[in-house]
A.B. asks: 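Let me give you the structure first, and then I'll get to my questions.
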Amino acid sequence: MKKVERINIIMRYINNRAHFTISEIMREFQISRSTAIRDIREIEALGMPLVAEVGRDGGYFVMRNSVLPVVRFTDSEVKALFIAFMATRNQQLPYLKSRQSLSEKLLGLISENQQDDLFLLNQILLFEGTNPNNPDLLDLADLPHPMLEKLIQLLLTDCYLFISINGETYPVYLLHLYREKSVWLIEGFDLQEEKLRIYPVDQLTDVMPYPVKNRLSRKKILEKLNKQKEAVNVVLELGPDAIAQFRIYHPVKASLSYTNPYQTTAIYETFIHVDNPDEVSGITNWLLFLGEDIKIREMPAEVLKSIQSRLNIYGQ
């Protein structure tokens with residue numbers, strides 16, 4: 001049975017019942033739990049007003065005699081949506097190709113005067129990463145890895161995954177999916193080696209659900225990670241100029257502890273694997289980017305040596 005046909009049949013099935021559960025949908029249509037959840041979400045997106053009931057015996061029921069309200073945007077909301085699309089159109093984000101159809105639908109909802117305003121905004125606003133001669137142009141480098149959207153679809157139903165990289169398969173509990181330095185990364189707990197690992201999405205060759213029977217609970221995973229947490233070996237004091245640079249760019253997981261109520265001084269702490277050349281090079285580049293308005297409280301000799309070496313090169 002094709003997906004569209006199945007969803008139509010499930011909609012009729014739901015509409016004829018006062019109450020239903022995921023388990024009932026699974027049994028009736030011989031589908032998995034994840035497929036049932038995806039189908040129900042699509043049915044909700046089509047406009048059927050479903051109400052979820054919380055509890056051990058919870059399920060769903062259809063809100064009778066209800067009409068979904070017409071969505072109306074204020075003038076400022078329209079501009080906010082449009083500018084958000086403009087600012088992120090060249091950022092390797094998932095579902096990038098859907099933005100064109102979204103923009104067209106948005107334009108169809110607004111008045112001619114509002115359309116004129118958006119056309120003018122599109123002409124005069126430029127954002128970093130866009131082609132100034134043709135901001136709407138999408139280069140190949142703007143598009144995310146095709147595996148990213150498949151990965152996100154799986155994550156909506158389950159964070160326990162099998163991921164394949166260079167012919168090797170890893171069982172992973174995904175903690176975060178993030179983008180740093182124009183690269184999408186998976187931060188995951190390796191369920192086999194029981195440690196934290198980072199996997200580049202652009203190296204994925206496949207991703208699939210992980211079997212239920214071999215799972216550690218999220219609570220156990222977080223307990224194991226907490227025990228493995230490394231001691232801080234980099235401590236910096238940042239002044240106002242360095243804080244300004246920090247706000248322009250910092251690693252995704254970096255955060256500051258401000259030391260005065262005006263947020264003009266702060267402490268930054270982290271751990272660097274000194275035996276990892278990429279980490280040492282990365283922290284060196286970033287510290288040089290922060291500038292001179294920093295004081296070093298603690299830092300491994302390897303990082304200090306890397307910074308000194310880089311400064312000597314610049315001084316030649």
Side-chain angles (χ1 to χ4, degrees), residues 21-23 25-26 31-42 44-45 52 54-56 58-59 91-96 144-234 250-255 269-276 278-279 282-283:
T21 65
I22 296 290
S23 298
I25 297 293
M26 291 167 60
I31 56 178
S32 67
R33 182 177 182 82
S34 59
T35 299
I37 291 171
R38 282 198 301 270
D39 287 352
I40 288 170
R41 285 178 175 167
E42 289 200 32
E44 287 180 299
V54 179
R56 187 178 63 181
Q91 297 296 319
Q92 295 180 331
L93 296 176
Y95 309 106
L96 194 61
H145 191 276
M147 195 62 68
L148 181 62
E149 290 185 16
K150 180 179 179 181
L151 177 62
I152 290 175
Q153 285 300 116
L154 281 175
L155 292 178
L156 292 174
T157 57
D158 205 343
C159 287
Y160 293 86
L161 305 170
F162 267 131
I163 61 173
S164 298
I165 298 177
N166 300 326
E168 297 290 332
T169 301
Y170 305 92
V172 171
Y173 178 82
L174 192 142
L175 296 162
H176 295 101
L177 177 64
Y178 64 98
R179 183 171 174 264
E180 190 169 70
K181 299 178 182 177
S182 300
V183 177
W184 281 94
L185 300 167
I186 294 171
E187 181 190 45
F189 180 78
D190 189 313
L191 294 164
Q192 186 170 316
E193 298 186 7
E194 296 195 348
K195 66 179 183 180
L196 188 69
R197 295 187 62 178
I198 305 297
Y199 307 89
V201 171
D202 60 7
Q203 292 183 14
L204 292 186
T205 53
D206 197 12
V207 57
M208 64 192 78
Y210 182 72
V212 176
K213 60 182 180 180
N214 297 324
R215 295 183 176 186
L216 276 176
S217 69
R218 177 180 173 84
K219 182 180 178 181
K220 287 288 186 185
I221 289 171
L222 295 179
E223 286 176 357
K224 288 179 179 290
L225 286 174
N226 193 49
K227 291 177 182 178
Q228 297 172 14
K229 196 171 182 180
E230 297 96 344
V232 167
N233 64 357
V234 173
H250 58 266
V252 170
K253 293 200 163 187
S255 61
E269 298 179 338
T270 191
F271 174 82
I272 298 297
H273 293 89
V274 295
D275 55 347
N276 184 330
D278 290 338
E279 280 198 35
I283 190 73

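Residue numbers start at 1 and run along the sequence shown.
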A.B. asks: Mind jotting down which residue pairs meet the ring pair (Phe, Tyr, Trp, His ring centres under 6.0 Å) criterion with at least one end in residues 200-229? Sequence neighbours excluded, please.
C.D. replies: Phe162-Tyr210
A.B. asks: Would Asp206 and Lys150 satisfy side chain to side chain contact (heavy atoms under 4.5 Å, CB included), going step by step from the backbone distance to the final call?
C.D. replies: CA-CA 9 Å; Asp206 197 12; Lys150 180 179 179 181; 3.0 Å; yes
A.B. asks: Rounded to the nearest 0.5 Å, what separates atom CE in Met208 from atom CG in Leu151?
C.D. replies: 12.5 Å
A.B. asks: Supply the atom-to-atom distance Leu185 CG to His176 NE2, rounded to the nearest 0.5 angstrom.
C.D. replies: 13.0 Å
A.B. asks: Minimum heavy-atom separation for Thr205 and Met147, please, with both atom names.
C.D. replies: O-CE, 3.3 Å
A.B. asks: Which atom names give the shortest non-hydrogen contact between Leu196 and Gln228, and what distance separates them?
C.D. replies: N-OE1, 4.0 Å
A.B. asks: For the atom pair CG (Leu155) and CG (Asp158), what is the distance rounded to the nearest 0.5 Å?
C.D. replies: 8.5 Å
A.B. asks: Is there a side chain to side chain contact (heavy atoms under 4.5 Å, CB included) between Leu174 and Ile163 once you walk through the steps?
C.D. replies: CA-CA 10 Å; Leu174 192 142; Ile163 61 173; over 6 Å; no
A.B. asks: Please report the interatomic distance CG(Leu204) to CG(Leu161), rounded to the nearest 0.5 Å.
C.D. replies: 9.5 Å
A.B. asks: Could you verify whether a donor N or O on one side chain and an acceptor N or O on the other, from Ser32 and Ser34, lie under 3.5 Å apart?
C.D. replies: yes
A.B. asks: Any side-chain heavy atom of Ile221 within less than 4.5 Å of one from Leu191?
C.D. replies: yes
A.B. asks: Any ring pair (Phe, Tyr, Trp, His ring centres under 6.0 Å) pairs touching residues 181-200, not counting sequence neighbours?
C.D. replies: Tyr170-Tyr199
A.B. asks: Any side-chain heavy atom of Leu225 within less than 4.5 Å of one from Leu175?
C.D. replies: yes
A.B. asks: Can you confirm whether Ile31 sits close enough to Asp39 that some side-chain heavy atom of one is under 4.5 Å from a side-chain heavy atom of the other?
C.D. replies: yes
A.B. asks: Do the side chain of Tyr160 and the main chain of Leu216 share a donor and acceptor less than 3.5 angstrom apart?
C.D. replies: yes
A.B. asks: Please confirm whether the backbone N or O of Gly59 pairs with a side-chain atom of Thr21, one donor and one acceptor, at under 3.5 Å?
C.D. replies: no
A.B. asks: So Ile37 and Leu156, side chain to side chain contact (heavy atoms under 4.5 Å, CB included) or not? Walk me through it.
C.D. replies: CA-CA 9 Å; Ile37 291 171; Leu156 292 174; over 6 Å; no
A.B. asks: Could you report the tightest heavy-atom contact between Met26 and Ala36, atom names first, then the distance?
C.D. replies: CG-CB, 4.0 Å
A.B. asks: Using a 4.5 Å cut-off on heavy atoms from C-beta on, say whether the side chain of Val201 contacts that of Ile186.
C.D. replies: yes
A.B. asks: Given side chains that start at C-beta, do those of Arg41 and Arg38 come closer than 4.5 Å, heavy atoms only?
C.D. replies: no
A.B. asks: When rounded to the nearest 0.5 angstrom, what is the spacing between OG1 in Thr35 and CZ in Arg33?
C.D. replies: 12.0 Å
A.B. asks: Check whether any side-chain N or O of Gln203 sits under 3.5 Å from a backbone N or O of Ile165 as a donor-acceptor pair, and report yes or no.
C.D. replies: no
A.B. asks: Where the side chain of Glu230 meets the backbone of His273, is there a donor-acceptor pair that is under 3.5 Å apart?
C.D. replies: no
A.B. asks: Quick one: CG on Leu148 to CD on Gln153, what's the gap to the nearest 0.5 Å?
C.D. replies: 10.5 Å
